[in-house]
Amino acid sequence: MFFFRMIFRSFSRQFKRRLLIAVTVCLSATVSVAMLGVVFDVGDKLNAELSTYGSNITVQPKADAVVNDLYNTGGDANSNASGTSESDPTTFLKESDAPKIKTIFWAFNITNFAPELNIHADVNCASESAESNSCKASSVPIVGTWFAKTLHMDSGESTVAGMNGMRSWWKLDGSWPKDDSVQGLIGTTLASKLGVAKGDTVTLYKTTADGSRNKQRITITGIYDSGDSDNNAMYIPSSTAQVLANLPDSIDRIEVKALTTPDNDLARKASKNPNALTQDEWETWYCTAYPSSIAYQIEEVIPGSVAKQVRQVAALQGDVLQKTQAVMVLMTVLSLVAAAIAVANLMAASIGERGSELALLKAIGATDGAVSRLMLAETAVISLIGAIVGALLGSGVAQIVGHVVFGSGITMRPMVFVLVFVLLTLTVLIASFSSIRSILGLKPAEVLHGR
């Protein structure tokens with residue numbers, strides 16, 4: 001009873017100084033919970049945010065991948081349609097194999113994908129006779145692809161894949177074409193060159209490998225601005241492009257957008273040679289969403305393919321994530337250091353003012369341990385109150401950061417609160433250490449006689 005009576009009396013005195021300790025711990029807890037909450041949830045959100053600007057994995061036929069590696073002609077993942085080469089592909093993947101991407105171990109990390117058939121065709125924008133019309137262009141890049149194709153998987157689930165989600169940054173005047181139709185999109189550069197407007201019809205002419213000349217009328221549903229040289233291309237449904245080029249069920253490329261974990265030494269080792277991994281390393285790598293492990297699993301399900309991560313996109317995601325997390329962890333550390341200094345100073349001042357009271361306790365028989373526990377208990381109760389209030393405020397701040405920066409809330413994991421309370425406990429103990437040492441040095445006779 002005496003112990004609890006002393007705690008109650010302590011709360012009734014020096015209220016201002018105790019309040020400052022509570023506020024200091026509260027502010028530190030607020031910053032720590034908010035920053036660590038974002039750190040633990042920022043990975044997927046940053047990857048999702050960055051992946052809106054293009055694919056981070058591309059899938060090609062093995063022969064094309066070998067040529068690209070040999071002559072360094074891989075190029076940007078999102079600029080294939082606007083490349084300088086006017087030759088059509090000679091090796092292909094099967095379009096019917098593309099949905100298998102959603103059957104890999106990391107299927108839920110595949111947020112979107114779109115197959116492509118990149119060909120070239122002559123364009124006549126008004127007349128059935130290309131020879132009699134001046135509004136025409138030769139060897140125009142044509143991309144046959146999906147726009148928003150609904151896929152029904154063997155598991156019974158359905159998913160939507162296509163350029164509608166892969167090119168979310170495009171500025172589109174009009175509407176997206178329908179899959180398996182005779183509609184299409186045209187880039188602003190090509191539209192200006194041909195004098196084509198939304199709603200117009202153009203005719204594509206394509207000489208196939210067997211020497212026949214096919215034609216296909218396309219209704220333009222929209223004009224897009226990609227912000228790069230891709231504006232010189234035309235996008236049409238893959239089925240229409242395959243009929244035009246007489247290449248049934250053929251594609252030469254698949255763009256994949258996946259949520260990935262930044263590369264580390266293990267991932268870099270695996271990307272060079274997965275067979276060099278030990279059994280434990282293999283299991284860790286295969287069961288972690290590294291770009292290289294996702295690419296490897298795609299190769300397993302699509303015959304004759306090579307899947308590669310787009311290094312620029314993958315590196316950007318990893319660098320931004322690591323730097324963002326480093327800044328937030330640094331802010332957390334600084335807030336804890338500031339709290340430790342403030343609590344230490346406040347406790348030292350409190351003990352200085354209460355020297356007579358503590359000396360009296362020692363004079364009537366209280367041991368150094370009992371007096372130290374009294375001060376620690378008082379500080380612990382005050383800090384706990386501040387930490388609880390700070391944790392609630394920090395959760396609110398984290399949600400504000402999430403909605404302002406990422407457009408969605410932050411998932412607060414229980415681990416965050418446990419970690420913050422552990423860190424604050426250590427901080428308060430370290431801050432209290434020097435003050436407790438001064439209690440041990442108190443001599444009741446000298447203090448009570450005013451010496």
Side-chain angles (χ1 to χ4, degrees), residues 35-51 54-60 62 65 69 74 77 97 99-113 153 155 157 159 254-330 332 406 410-419 422-423:
M35 293 300 100
L36 292 180
V38 174
V39 164
F40 279 94
D41 197 51
V42 74
D44 289 346
K45 294 186 183 300
L46 262 182
N47 280 332
E49 187 77 14
L50 291 173
S51 65
S55 60
N56 51 1
I57 295 175
T58 58
V59 187
Q60 298 175 279
K62 283 185 178 180
D69 289 342
D97 285 334
K100 294 179 181 178
I101 290 176
K102 290 293 287 184
T103 65
I104 67 172
F105 180 82
W106 288 107
F108 289 108
N109 282 52
I110 305 295
T111 59
N112 208 339
F113 64 98
M153 314 303 294
S155 62
E157 299 178 347
T159 186
I254 306 174
E255 290 190 19
V256 181
K257 185 190 296 184
L259 298 176
T260 60
T261 299
D263 279 345
N264 56 13
D265 291 339
L266 174 61
R268 285 186 283 271
K269 178 181 178 181
S271 64
K272 294 178 181 178
N273 183 12
N275 295 326
L277 301 179
T278 65
Q279 184 63 34
D280 290 341
E281 288 176 334
W282 171 272
E283 292 177 357
T284 301
W285 170 71
Y286 195 89
C287 297
T288 305
Y290 297 120
S292 56
S293 64
I294 293 178
Y296 183 86
Q297 292 170 34
I298 291 175
E299 292 177 2
E300 288 182 316
V301 297
I302 298 185
S305 69
V306 172
K308 295 183 178 182
Q309 61 175 305
V310 181
R311 293 289 178 179
Q312 298 93 329
V313 177
L316 175 63
Q317 290 176 337
D319 289 345
V320 172
L321 177 60
Q322 290 174 356
K323 290 176 181 178
T324 301
Q325 290 177 331
V327 169
M328 293 181 177
V329 170
L330 178 61
T332 301
F406 303 107
I410 297 295
T411 302
M412 299 302 298
R413 294 169 169 78
M415 181 189 304
V416 172
F417 298 100
V418 173
L419 181 59
V422 169
L423 291 174

Notebook entry, point to check: Heavy atoms, side chains only, cut-off 4.5 Å: are E281 and L266 in contact?
Noted result: yes

Next item on the list: Could you please spell out the steps behind the side chain to side chain donor-acceptor pair (under 3.5 Å) verdict for W106 and T260?
Entry: CA-CA 10 Å; W106 288 107; T260 60; over 6 Å; no

Notebook entry, point to check: Are V59 and V306 side-chain neighbours, meaning at least one heavy-atom pair lies under 4.5 Å?
Noted result: no

Checklist line | Straight-line distance of Q60 CD to E255 CD, nearest 0.5 Å | finding: 10.5 Å

Margin query: Within a 6.0 Å radius of atom CZ on F105, are there more than 12 heavy atoms belonging to other residues, nucleotides or ligands?
Written below: yes

Next item on the list: Write down the atom of K308, the atom of A295, and the distance for their closest heavy-atom approach.
Entry: N-CB, 4.4 Å

Item checked: Closest heavy-atom pair and its distance - A270, L277 -> CB-CD1, 3.7 Å

Check: Do the side chains of Y290 and Q309 get nearer than 4.5 Å, heavy atoms only?
Finding: no

Next item on the list: Could you grab the distance from atom OG of S292 to atom NZ of K272, nearest 0.5 Å is fine?
Entry: 12.0 Å

Notebook entry, point to check: Is there a side-chain contact between P291 and N56, using heavy atoms and a 4.5 Å cut-off?
Noted result: no

Next item on the list: Compare every heavy atom of V301 with every heavy atom of P303, then report the nearest pair and how far apart it is.
Entry: CD-O, 3.5 Å

Note to self: Taking atom CE as the centre, does M415 end up with more than 12 heavy-atom neighbours from other residues, nucleotides or ligands that are less than 6.0 angstrom away?
What the structure shows: no

Notebook entry, point to check: Under 4.5 Å between any side-chain heavy atoms of K269 and W285, yes or no?
Noted result: no

Checklist line | Under 3.5 Å: donor-acceptor pair, side chain of T111, backbone of K257 | finding: yes

Check: Quick one: does L36's side chain get under 4.5 Å of M328's, heavy atoms only?
Finding: no

Notebook entry, point to check: Should I57 and I254 count as side-chain neighbours, where that means a heavy-atom distance under 4.5 Å?
Noted result: no

Margin query: To check you understand the geometry: which heavy-atom pair defines the closest contact between F113 and P99, and what is its length?
Written below: CZ-CA, 4.1 Å

Note to self: I'd like to know if K102 and E157 make a salt bridge, using a cut-off of under 4.0 Å between side-chain N and carboxylate O.
What the structure shows: no

Item checked: Side-chain (E299) to main-chain (G304) donor-acceptor, under 3.5 angstrom -> no

Notebook entry, point to check: Is there a donor-acceptor pair under 3.5 Å between the side chain of S293 and the backbone N or O of T288?
Noted result: yes

Item checked: Non-hydrogen atoms of I294 and N109 that approach each other most closely -> CD1-CB, 4.5 Å

Checklist line | Nearest heavy atoms of T103 and A107, plus distance in Å | finding: N-CB, 4.3 Å

